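Residue numbers start from 1 in every chain, and the chains themselves are labelled A, B, ... in the order their sequence lines are given, proteins ahead of strands. It should be emphasised that the depicted structure is a prediction, and the values quoted were computed from it without experimental measurement. Just so you know, these numbers use all the heavy atoms, side chains as well, and skip hydrogens, waters and symmetry mates.
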2 protein chains.
Amino acid sequence: MNLENTKAQMRKGVLEFCILSLLSNKEAYASDLIQAMKESKLLVVEGTIYPLLTRLKNDGLLSYRWEESTGGPPRKYFKATPLGEKFLEELRITWDELVEAVGKATSP
Amino acid sequence: MNLENTKAQMRKGVLEFCILSLLSNKEAYASDLIQAMKESKLLVVEGTIYPLLTRLKNDGLLSYRWEESTGGPPRKYFKATPLGEKFLEELRITWDELVEAVGKATSP
DNA sequence: TTTTAGTACTATGCAATACAAAGTACCATA
DNA sequence: TATGGTACTTTGTATTGCATAGTACTAAAA
């Protein structure tokens, strides 16, 4: 039982929410997202974000298009689908409810 | 990809925080905890809480004592150990940081 | 030309945890 | 004696964050 593990556990489901929010009405590829998350003090690594993007795409919440890059391999630019936008709204409510519930349960 | 699964995922690590907080300087057994969580809109079931309590006990964060019950089998009353109290403070910080980070990443 | 470094993505496997389901054991009452 | 409710244990599953290794593309250094 260590804090690092608990931190990883607490991110479960939450990263999905953050990624979907960042891709709401805005395109970005993996490195953009990692950077944006980093600025919010959420350190996400490649081994986490690529499978996550693939999963959200397979579930119809994200779509993507290839874009050539000048200095490297092509990039996958993702954005939320209409279904993704709808799911995002539900996630927002879910997250707010959780924060409120945890606040109640843990207030001294 | 459904909301119920995501809700379950978002609870990972969080329930540990809540339980530890509820058992800070206060004794309770499983049914007490389920009830207290319920009042905070956190529905936890037996299959979740019993393994969780066992895990926290094995990690030295909780201790327990048996108490006879008038109408049923004996109960395990848990409470946080000094190590548990210390870990709880770290969890509090971790959770607050996560809430702030998610707030930043998902603010429209 | 060949090699090296950096970027972007894929694929595989592990560990941890919430949850479900079935089972054991105790007590009181019908 | 049988039934119902309470309390806890055990086993198994699904999901997900993360680590690691690998592929492929470009550009610059050797």
Next on the checklist: Between Leu98(B) and Leu3(A), is there shared hydrophobic-cluster membership here, with clusters defined by ILVMFWY side-chain heavy atoms closer than 4.5 Å?
Outcome noted: yes

Next on the checklist: For Tyr50(B), is there any backbone N or O sitting under 3.5 Å from a side-chain donor or acceptor partner on Thr54(B)?
Outcome noted: yes

Checklist entry - Could you give the CD-to-P distance, from Glu68(A) to dC9(C), as a whole number of Å? => result 11 Å

Item to check | Interatomic distance where CG belongs to Asn5(A) and P belongs to dA15(C) [whole Å] | outcome: 12 Å

Item to check | From Lys7(B) atom NZ to Leu91(A) atom CG, the distance as rounded to the nearest 0.5 Å | outcome: 10.0 Å

Next on the checklist: Please confirm whether the shortest side-chain N or O distance from Arg75(B) to OP1 or OP2 of dA7(D) is below 4.0 Å.
Outcome noted: yes

Next on the checklist: Using a strict threshold of under 4.0 Å (side-chain N to carboxylate O), is an ion pair present between Glu67(A) and Arg65(A)?
Outcome noted: yes

Item to check | Short side-chain N/O contact from Thr48(A) to OP1 or OP2 of dC18(D), under 4.0 Å | outcome: yes

Checklist outcome for this item: To the nearest angstrom, the CG-C1' distance between Leu3(A) and dA16(C) comes to 15 Å

Checklist entry - Rounded to the Å, how far apart are Leu53(A) CG and dC18(D) P? => result 14 Å

Checklist entry - Is it the case that more than 12 heavy atoms not belonging to Lys57(B) sit under 6.0 Å from its NZ atom? => result yes

Item to check | Atom-pair distance (CD1 on Ile49(B); C1' on dT6(D)), nearest Å | outcome: 15 Å

Next on the checklist: Between Lys86(B) and Glu89(B), does any side-chain N to carboxylate O distance fall below 4.0 Å?
Outcome noted: no

Checklist outcome for this item: Judged by nearest nucleotide, the residue sitting upstream toward the 5' end of DNA chain D, Val44(A) or Pro73(A), is Val44(A)

Next on the checklist: Mind checking if Ser69(B) touches a base, just sugar-phosphate, or nothing, with heavy atoms under 4.0 Å?
Outcome noted: nothing

Next on the checklist: Cation-pi check for Tyr29(A) against Lys76(A): NZ or CZ below 6.0 Å from the six-membered ring centre and within 45 degrees of the axis, yes or no?
Outcome noted: no

Item to check | Donor/acceptor link under 3.5 angstrom from Glu46(B) side chain onto base of dC19(C) | outcome: no

Checklist entry - Base, sugar-phosphate, or nothing: which does Ser31(B) touch, judged by heavy atoms less than 4.0 Å apart? => result sugar-phosphate

Item to check | Phosphate OP1/OP2 of dC8(D): any Tyr50(B) side-chain N/O under 4.0 Å | outcome: yes

Item to check | Integer-rounded Å distance: dT15(D) C1' and Leu52(A) CG | outcome: 12 Å

Checklist outcome for this item: Computed from five pairs at either end and rounded to 10 degrees, the angle between the axes of the helix from dT1(C)-dA30(D) to dA30(C)-dT1(D) is 20°

Next on the checklist: For a quick test of reading the model: is some side-chain N or O of Lys7(A) closer than 4.0 Å to OP1 or OP2 of dC18(D)?
Outcome noted: no

Item to check | Nearest listed nucleotide, side chain of Ala30(B), among dC19(C), dC8(D), dC18(D) | outcome: dC8(D)

Next on the checklist: Can you tell me if Arg55(A) touches the phosphate of dT15(D), counting only side-chain N or O atoms and a distance under 4.0 Å to OP1 or OP2?
Outcome noted: no

Checklist entry - Which whole-number value in Å describes the distance from Lys12(A) NZ to dC18(D) P? => result 8 Å

Item to check | Residue Trp66(B), side-chain atoms from C-beta onward, closest of dC26(C), dC8(D), dA18(C) | outcome: dC8(D)

Item to check | Backbone N/O of Gly60(A) and side chain of Thr81(A): donor-acceptor pair under 3.5 Å | outcome: yes

Checklist entry - Whole-Å distance between dC18(D) C1' and Gln9(A) CD? => result 11 Å

